[in-house]
Student: 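Please read through the structure below; I'll follow up with questions.
Positions are given from 1, in the same order as the sequence printed here.
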Amino acid sequence: MGAGGTPQARASATPPTAPPTHRTQHPTALHPAAWWLWSLSLGVAATRTTNPLLLTLLIATSAYVVAARRPHTPWARSYSAFVKLALAVLLIRLAFAVALGSPLPGTHVLVTLPEVPLPDWAQGIRLGGKVTAETLTFAFYDGLKLATLLICVGAANALASPTRLLKSLPGALYEMGVAVVVALTFAPNLIADVQRLSAARRLRGRPDSGLRGFLQVGLPVLEGALERSVALAAAMDARGYGRTADVPPRVRRTTNVLTVGGLLGVCAGTYGLLTAEGGTYGIPVLLAGVTAALAGLRLGGRRTPRTRYRPDPWGARAWLVTVSGAAVAVALGLASVRDPAALHPGVIPLTAPTLPLYPAAAILLGLLPAFVTPPPEEPS
């Protein structure tokens with residue numbers, strides 16, 4: 001018998017192979033629409049108050065959830081851009097208050113700027129003059145409310161995948177959704193191309209700044225953008241994008257009336273909820289508009305029959321996230337009616353804002369998604 005032995009002996013000497021290991025299955029990701037509903041609900045809550053303490057608490061709530069559940073994807077980095085945009089909006093609002101003044105009377109003069117005389121047709125507008133603490137405080141409250149709304153929208157952009165959100169759109173909105181997603185992804189690709197070409201020029205010892213560098217980098221970037229547009233158009237045409245099914249004219253007219261009427265009802269109802277005068281008709285008009293719009297979208301989906309591969313389920317976690325955001329919006333809406341002084345601190349006379357306990361506790365309900373949703377998957 002040779003050194004290698006018989007085949008049976010060699011087989012017996014081979015160590016047994018380990019049983020195949022199963023990859024750890026990550027929990028199902030949350031439905032993207034749930035993140036948008038949660039974020040927009042926090043934005044609605046921000047519109048019901050000018051209390052800087054409550055607005056800061058809303059910003060902290062959204063920031064904590066984003067830090068805990070933001071996925072490791074390029075589009076998830078947009079939250080910092082929205083925070084910078086919100087800070088810029090706040091600073092611009094304060095700058096306008098300093099330069100243009102305010103109709104609010106104030107007694108605490110901080111500085112007096114040279115006032116520019118204006119013609120008679122510009123009555124009610126002034127440039128320069130007295131800058132009071134009341135004016136700056138009112139501008140700060142107003143700008144912080146808008147900044148909080150922008151940050152809440154940024155949280156939705158950082159948490160919800162635009163591709164999965166596009167898959168979840170009804171058939172009637174699919175074409176519009178594709179256009180929006182393509183438009184939103186154009187800017188990041190353009191920035192990535194500029195960074196890549198600038199780095200390549202630096203490695204070659206060529207200038208990448210100034211007018212000359214801008215022209216020599218801009219032409220390849222535009223060429224690459226044109227090539228991507230042609231490739232995208234060919235891919236969309238190959239997949240039948242834009243082709244619709246035949247439906248009767250009566251169904252098309254009914255769809256248009258329901259959709260347009262529903263969207264107008266949603267706008268009117270939302271305006272009623274955001275104003276004190278429309279609190280009585282806001283909710284009924286909003287519900288009627290949503291119902292009509294959903295019916296129109298349901299009928300409009302017949303023109304674009306679609307199938308979904310592995311659709312995102314709407315489970316218990318999605319309901320918890322949506323309800324937590326809606327609870328914050330409803331609680332601050334009720335508090336603004338019952339105790340408006342706490343949610344809108346006075347500017348004349350100038351008083352320090354206080355933190356109302358009931359609205360603050362309601363805002364903390366917005367932290368629920370950080371504990372009930374699955375953690376983001378680690379990058380492979």
Student: Quick one: CG on Leu53 to CG on Leu355, what's the gap to the nearest 0.5 Å?
Tutor: 5.5 Å
Student: Got more than 12 heavy atoms from elsewhere within 6.0 Å of CG, Leu203?
Tutor: yes
Student: Are any side-chain N or O atoms of Ser336 and backbone N or O atoms of Gly333, one a donor and one an acceptor, separated by less than 3.5 Å?
Tutor: yes
Student: Could you tell me whether the side chain of Trp36 and the main chain of Ala160 form a donor-acceptor pair under 3.5 Å?
Tutor: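 A pair under 3.5 Å: no.
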Student: Would you confirm whether Ser62, through its side chain, and Ile59, through its main-chain N or O, come within 3.5 Å as a donor-acceptor pair?
Tutor: yes
Student: Going only through I, L, V, M, F, W and Y residues with side-chain contacts under 4.5 Å, is there a path from Val66 to Ile363?
Tutor: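 Yes, Val66 and Ile363 fall within the same hydrophobic cluster.
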Student: To the closest 0.5 Å, what do you measure between CZ (Phe82) and CG (Leu150)?
Tutor: 7.5 Å
Student: Is there a path of hydrophobic side-chain contacts, each under 4.5 Å between heavy atoms, that joins Ile348 and Phe140?
Tutor: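 Linked within one cluster.
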Student: Please determine whether residues Val153 and Leu146 belong to a single hydrophobic cluster, defined as Ile, Leu, Val, Met, Phe, Trp and Tyr linked transitively by side-chain heavy-atom distances below 4.5 Å.
Tutor: no
Student: Given the rule in the side chain to side chain contact (heavy atoms under 4.5 Å, CB included) test, do Val65 and Trp35 qualify, once you have shown the distances and angles that lead to the verdict?
Tutor: CA-CA 10 Å; Val65 175; Trp35 285 124; 3.8 Å; yes
Student: Without swapping roles, check the side chain of Thr322 against the backbone of Trp319 for a donor-acceptor pair under 3.5 Å.
Tutor: no
Student: I'd like to know whether Phe138 forms a side chain to side chain contact (heavy atoms under 4.5 Å, CB included) with Arg93, so could you lay out the CA-CA distance, the side-chain angles of the two residues, the decisive distance to 0.1 Å, and finally the verdict.
Tutor: CA-CA 10 Å; Phe138 178 78; Arg93 181 67 180 88; 3.9 Å; yes
Student: Do Tyr64 and Val328 share a hydrophobic cluster, counting only Ile, Leu, Val, Met, Phe, Trp and Tyr and linking them when any side-chain heavy atoms are less than 4.5 Å apart?
Tutor: yes
Student: Taking a hydrophobic cluster as the set of Ile, Leu, Val, Met, Phe, Trp and Tyr residues connected by side-chain heavy atoms closer than 4.5 Å, whether directly or through intermediates, do Phe371 and Leu320 fall within one such cluster?
Tutor: yes
Student: Distance check, rounded to the nearest 0.5 Å: Arg48 atom CZ versus Lys145 atom NZ?
Tutor: 9.0 Å
Student: Suppose we screen for salt bridge (charged side-chain N to carboxylate O under 4.0 Å, His left out). Which residues come up paired with Arg69, at least two apart in sequence or across chains?
Tutor: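 Arg69 satisfies salt bridge (charged side-chain N to carboxylate O under 4.0 Å, His left out) with no residue once adjacent residues are dropped.
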Student: Which value, rounded to the nearest 0.5 Å, describes the distance between Leu144 atom CG and Leu149 atom CG?
Tutor: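 Between Leu144 CG and Leu149 CG, I get 11.5 Å after rounding to 0.5 Å.
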Student: Could you check whether atom CH2 of Trp314 has more than 12 heavy atoms from other residues, nucleotides or ligands sitting under 6.0 Å from it?
Tutor: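 Yes.
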Student: Give, for atom OG1 of Thr50 and atom CG of Leu55, the distance between the pair rounded to the nearest 0.5 Å.
Tutor: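 Here the rounded value is 7.5 Å.
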Student: Kindly say whether Thr354 contributes a backbone atom to a donor-acceptor pair with the side chain of Asn51 at under 3.5 angstrom?
Tutor: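 Yes.
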Student: Hey, is the main chain of Val372 close enough, under 3.5 Å, to the side chain of Arg317 for a donor-acceptor pair?
Tutor: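 Yes; at least one donor-acceptor contact below 3.5 Å.
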Student: Begin from the C-alpha positions of Leu57 and Leu364 and carry the test side chain to side chain contact (heavy atoms under 4.5 Å, CB included) through to its verdict.
Tutor: CA-CA 8 Å; Leu57 189 58; Leu364 295 180; 4.2 Å; yes
Student: Could you please spell out the steps behind the side chain to side chain contact (heavy atoms under 4.5 Å, CB included) verdict for Val321 and Leu368?
Tutor: CA-CA 7 Å; Val321 171; Leu368 187 62; over 6 Å; no
Student: To the nearest 0.5 Å, what is the distance between OG1 on Thr373 and CG on Leu159?
Tutor: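 Answer rounded to 0.5 Å: 8.5 Å.
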